[in-house]
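Comments concern the structure below.
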There are 2 protein chains.
Amino acid sequence: MTAGSPGNGAENERDGPRQIKSVRTAATVIDVIKQHQGGSLAEISRELELTKGTVHTYLQTLVECGFVTREDGEYRLSFQFIALGEHVRNETDLYMAGHNEVDELAERTGEYAHLIGEERGRETVLYESRGEFAVAMDYHLRMRETPQHLHDTAAGKAILAHVPVDRRDEILANQEFERQTANTITDAAELRETLADIRERGYALNDEEEIRGMRAVGAPVLDPDETVVGAVSVTAPTSRLKDERFRTEMPERVMETANLIEVNLETARFDS
Amino acid sequence: MTAGSPGNGAENERDGPRQIKSVRTAATVIDVIKQHQGGSLAEISRELELTKGTVHTYLQTLVECGFVTREDGEYRLSFQFIALGEHVRNETDLYMAGHNEVDELAERTGEYAHLIGEERGRETVLYESRGEFAVAMDYHLRMRETPQHLHDTAAGKAILAHVPVDRRDEILANQEFERQTANTITDAAELRETLADIRERGYALNDEEEIRGMRAVGAPVLDPDETVVGAVSVTAPTSRLKDERFRTEMPERVMETANLIEVNLETARFDS
DNA sequence: CTTAAAGTTTGCAGATATCAAATGCCGCAG
DNA sequence: CTGCGGCATTTGATATCTGCAAACTTTAAG
């Protein structure tokens with residue numbers, strides 16, 4: 001090797017900092033298993049373009065580490081991830097400060113209420129509470145299984161509106177605004193305007209921008225020093241969320257909850 | 001090296017199948033971050049007995065892969081784990097077939113109800129539902145954050161009782177029965193007897209064996225072909241769960257729920 | 001019984017983790 | 001302002017590990 005690239009065999013990763021190639025590969029293996037919802041050695045190795053022998057070694061390792069299990073010839077992600085997820089949740093101040101308030105919000109509104117966290121420009125559902133009128137939906141399965149973009153949900157827009165400008169620009173630059181419905185905002189300029197409004201009013205609306213027939217109202221949760229730590233939202237069918245209720249009543253409720261959570265965050269210290 | 005061991009530098013792993021060392025290391029890094037609830041590079045490398053340079057490379061990689069995030073100098077496990085956990089949950093037939101029934105059970109009894117899955121001889125909480133009398137407890141945090149042993153919970157014993165003998169022996173051989181309270185069964189012979197009873201009656205009791213002051217009743221969930229896939233349980237303070245209610249009424253309720261879930265498992269196909 | 005596909009093991013050569021040490025980057029004390 | 005100490009980052013060199021090819025075993029199918 002002509003020593004041009006950094007000691008590493010970095011061909012794809014543009015000379016970024018040095019990394020452990022095997023760990024990248026292992027992460028890909030996990031991802032393939034996730035996408036395919038489990039699979040055989042042959043399937044996985046075909047997908048990865050690595051020899052069966054190699055993939056076999058990776059799977060042995062991942063099983064041994066407890067990330068993957070094998071059941072009648074099929075490899076699947078193990079329950080360990082459920083436990084780890086729970087651990088991360090309980091470590092997250094926003095969750096500890098907010099889940100009871102979100103329960104309350106769901107109860108008072110009768111609809112779905114969500115507590116949303118942000119990381120790397122994506123949103124993750126930290127908690128979901130279902131009010132009595134909220135019917136079981138599959139919609140949230142998808143959004144809970146992978147961190148989602150921020151441009152097409154009420155909570156996401158609420159967060160985006162309160163992120164420091166430089167970081168916001170970075171986030172927006174690094175993703176396309178995928179169109180989900182006819183109402184999805186896909187234009188950067190338009191989104192920026194909306195975000196300015198949201199910042200002024202203190203809440204965000206989602207008018208069937210993510211899912212047809214569903215509206216949502218979201219409000220940011222801010223740190224004492226005005227940093228966004230996440231958002232709260234309520235989601236309901238358009239038929240139950242319109243006019244006054246959509247534009248006045250629900251925003252007030254949601255902002256109230258967000259405020260309560262902010263207070264909890266300031267008062268209680270969740271450090272162990 | 002005298003080429004005695006298999007190509008690998010396996011010094012600790014008794015010549016088991018070949019594994020990827022870096023992946024093992026990465027798993028250890030994740031574990032250390034989990035244990036310490038986040039930490040700086042210096043802390044982590046001290047703990048691991050690897051140079052800072054090396055650990056730095058690992059952390060770069062894990063951040064890049066989305067498993068770890070960095071926030072003001074502290075590394076933490078990322079929200080990705082929450083999403084992955086959710087994914088695994090939704091992939092699990094027992095969860096899909098059981099969580100509504102467990103909600104129902106919690107509502108009817110007013111207590112905590114749990115849906116438990118088993119993997120590698122450990123139990124994982126797949127779902128928890130809180131009835132109206134069940135007070136918030138911290139107890140479940142610990143048990144939800146790491147797969148637990150099976151000998152000291154009602155659900156665990158219910159599962160253990162219905163696992164094929166050879167596997168049961170293997171599980172019991174590979175773990176000590178850690179004493180949690182004065183009532184914990186720590187004697188293998190005694191445990192075997194109890195398990196025989198459980199198999200006969202169809203339910204398991206936990207009489208302050210895991211936590212002082214708490215009792216529980218658990219019943220196994222079986223496949224069409226009699227394989228255990230998990231268990232259901234109800235947990236309550238001893239003061240609210242005694243005499244008839246503990247020994248007759250609650251076992252019936254819990255078994256009924258377990259049965260309903262079995263029916264759901266048979267009827268519905270959850271393959272995507 | 002034959003054949004094919006999937007899974008497992010192994011030797012080898014080249015790629016790559018790991019270390020030590022240099023460098024850069026704070027914040028703190030004087 | 002200066003120098004010190006801890007932490008984070010980068011780098012070159014080399015012993016080690018990874019990944020392939022290919023043999024071998026097992027399982028499923030015809």
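Every chain is numbered from 1, with letters handed out A, B, ... down the list of sequences.
Taking only distance into account, the side chain of A/Arg18 never meets the base of C/dT16 through a donor-acceptor pair shorter than 3.5 Å.
Classified by interplanar angle (parallel below 30°, tilted 30° to 60°, perpendicular above 60°), the ring pair A/His151/A/Phe177 is tilted.
Between the NZ atom of A/Lys21 and the C1' atom of D/dC20 there is a distance of 11 Å, given to the nearest Å. Rounded to whole Å, atom P of D/dT16 lies 17 Å from atom CD1 of B/Ile20. As rounded to whole Å, 13 Å separates atom P of C/dG27 from atom CG of B/Asp72. Following rounding to the nearest Å, B/Gln60 (CD) and D/dA8 (P) show an atom-to-atom distance of 12 Å. Spacing between atom CG of A/Leu59 and atom P of C/dT8 amounts to 9 Å, rounded to whole angstrom units. When rounded to the nearest whole Å, the span between CZ of A/Arg24 and C1' of C/dT16 equals 15 Å. Separating the CZ atom of A/Arg70 from the P atom of C/dA6 is a distance of 13 Å, rounded to the nearest angstrom. Per the geometry, CG belonging to B/Leu41 stands 13 Å off C1' belonging to D/dT10, to the nearest Å.
The only option from A/Val102, A/Ile116, A/Leu94 that meets the side chain to side chain contact (heavy atoms under 4.5 Å, CB included) definition with A/Leu126 turns out to be A/Leu94.
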- Item | side chain to side chain contact (heavy atoms under 4.5 Å, CB included) evaluation trace for A/Asn264 with A/Glu101 | CA-CA 10 Å; A/Asn264 288 348; A/Glu101 308 299 344; 3.0 Å; yes

- Task: Any chance you could lay out the side chain to side chain donor-acceptor pair (under 3.5 Å) test for A/Thr153 and A/Glu123, step after step, and finish with the verdict?
- Result: CA-CA 9 Å; A/Thr153 67; A/Glu123 62 177 269; 2.6 Å; yes

- Run the side chain to side chain donor-acceptor pair (under 3.5 Å) check on A/Thr28 and A/Thr25 step by step: do they pass? CA-CA 5 Å; A/Thr28 323; A/Thr25 308; 5.5 Å; no

- Message: If you apply the rule side chain to side chain contact (heavy atoms under 4.5 Å, CB included), what do you find for B/Arg122 with B/Gln148, and how did you get there?
- Response: CA-CA 5 Å; B/Arg122 300 291 170 100; B/Gln148 297 294 119; over 6 Å; no

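Neither side chain, A/Arg199 nor A/His162, offers a donor N or O lying under 3.5 Å from an acceptor on the other. Using modelled atom types and a 3.5 Å distance limit, the side chains of A/Gln19 and B/Gln60 yield no donor-acceptor pair.
Remark: the backbone N or O of B/Tyr95 is paired with a side-chain donor or acceptor of B/His99 at under 3.5 angstrom. A donor-acceptor pair is defined here as one N or O able to donate and one able to accept, closer than 3.5 Å; no such pair exists between the side chain of B/Arg76 and the backbone of B/Thr69. Using modelled atom types, no side-chain atom of B/Asp31 and backbone atom of B/Ala27 make a donor-acceptor pair closer than 3.5 Å.
The C1' atoms of five pairs define one axis at each end of the helix from C/dC1-D/dG30 to C/dG30-D/dC1, and these two axes lie 40° apart (to 10°).
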Set out, line by line, the N/O atom pairs under 3.5 Å between protein and nucleotides 28-30 of chain D.
none

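Look at A/Tyr58 and you won't find any side-chain N or O under 4.0 angstrom from OP1 or OP2 of D/dT18.
Of the residues in residues 44-57 of chain B, those with a non-hydrogen atom less than 4.0 angstrom from any atom of DNA chain D are B/Arg46, B/Lys52, B/Gly53, B/His56.
Distances were taken from every side-chain heavy atom of A/Thr25 (C-beta onward) to each of D/dG19, C/dG7, C/dT18; the shortest belongs to D/dG19.
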